[in-house]
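Input: a single structure, listed below in structure tokens.
Everything numeric in this text was worked out from a predicted model, so none of it was measured.
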Amino acid sequence: MTAPAAREYAGAVSRSIAYALDAVIVTLVYSGGVLIAMLIAAFIGSRTRELAHAVAVSYLLILPALLAIYCALFWALAGRTPGMAVLGLRVVASRERPLSWLSALIRALVLAYFPLGAAWALVDARHQAIHDKLARTLVIRVPVPTPAGSTARGTPPFG
């Protein structure tokens, strides 16, 4: 059995940018759905004040849940979200095993409902945030494939 290759842990800046990209994707898709629902409700005659209140509550309650589902599915199936893929990051289990559905779900729920816990990655030696510690995961940098003949390096410029 060969020794595993040395891992380059992803820094807090690149992790934050990836999370922000994913949050924007989920928010835009959800907002599009809300807009369509509001147009339908306005067409059938719902009260505007009640509708605005329902939309505000839905953003506070449903949006974090959708973000958690989005992240958990991508992490469990591909090991990365689209935002992480753009920055060359991947979530892996800290004990050299494939990432389990349970770990992906724990990580996603804690991150979605306690995003302040991500700040722990700034002071941790392996750049693990609270959600990484609880789910026993690491975020590592992986080489970004470059087109044939390109001389560009495979790692993004963010920390």
### Query
Does some side-chain heavy atom of Val139 sit less than 4.5 Å from a side-chain heavy atom of His127?
no

### Query
Measuring from Ile69:CD1 to Phe74:CZ, what's the distance to the nearest 0.5 Å?
13.0 Å

### Query
Which pair of non-hydrogen atoms, one from Leu122 and one from Ala12, has the smallest distance, and what is that distance?
CD2-CB, 3.3 Å

### Task
Kindly give the heavy-atom pair with the smallest separation between Ala112 and Pro115, and that separation in Å.
O-CD, 3.9 Å

### Query
Has the side chain of Arg90 got a donor or acceptor atom that lies under 3.5 Å from a matching backbone atom of Ala78?
yes

### Task
State, yes or no, whether a side-chain contact exists between Arg107 and Asp132 at a heavy-atom distance under 4.5 Å.
yes

Ignoring hydrogens and angles, write down the donor-acceptor pairs under 3.5 Å from the side chains of residues 56-67, residues two or more places apart or on other chains.
from, atom 1, to, atom 2, distance (Å)
Ser58, OG, Tyr30, OH, 2.9
Ser58, OG, Val55, O, 2.7
Tyr59, OH, Ser31, OG, 2.7

### Query
Under the 3.5 angstrom rule, does the side chain of Arg15 hit a backbone N or O of Ala118 as a donor-acceptor pair?
no

### Task
Assess the side chains of Arg141 and Ser14: does a donor N or O sit below 3.5 Å from an acceptor N or O?
yes

### Task
Please name the pair of heavy atoms, one in Asp22 and one in Gly83, separated by the smallest distance, quoted to 0.1 Å.
OD1-N, 2.8 Å

### Message
Is there a continuous path of hydrophobic side-chain contacts, each under 4.5 Å between heavy atoms, that joins Tyr19 to Leu109?
### Response
no

### Query
Taking 4.0 angstrom as the limit, do Lys133 and Asp124 come out as a salt bridge?
yes

#### Entry: Ser94 (side chain) donor-acceptor with Leu138 (main chain) under 3.5 angstrom
no

### Message
Do Val91 and Ile25 sit in one hydrophobic cluster, given that two such residues count as connected whenever their side-chain heavy atoms are within less than 4.5 Å of each other, even indirectly?
### Response
yes

### Task
Examine Leu111 and Ile130 and state if one hydrophobic cluster contains both, with Ile, Leu, Val, Met, Phe, Trp and Tyr joined whenever side-chain heavy atoms are less than 4.5 Å apart.
no

### Query
Any link between Leu99 and Leu102 through a network of hydrophobic side chains (Ile, Leu, Val, Met, Phe, Trp, Tyr) touching at under 4.5 Å?
no

### Message
Tell me if a side-chain donor or acceptor on Gln128 pairs with a main-chain N or O of Thr137 at a distance below 3.5 Å.
### Response
yes

### Message
Would you compute the distance between atom CH2 of Trp75 and atom CH2 of Trp101 and round it to the nearest 0.5 angstrom?
### Response
12.5 Å

### Query
If you take all heavy atoms of Pro82 and Tyr70, which pair is closest and at what distance?
CD-OH, 3.1 Å

### Task
List the atom of Ala18, the atom of Leu87, and the distance in Å for their closest heavy-atom pair.
N-CD1, 3.4 Å

### Query
For the hydrophobic clusters of this structure (ILVMFWY residues joined by side-chain heavy atoms under 4.5 Å, transitively), does one cluster hold both Val92 and Val110?
no

#### Entry: Any Val142 side-chain heavy atom under 4.5 Å of Arg80 side chain
yes

### Query
For the residue pair Ala108 and Cys71, what are the closest heavy atoms and their distance?
CB-CB, 4.1 Å

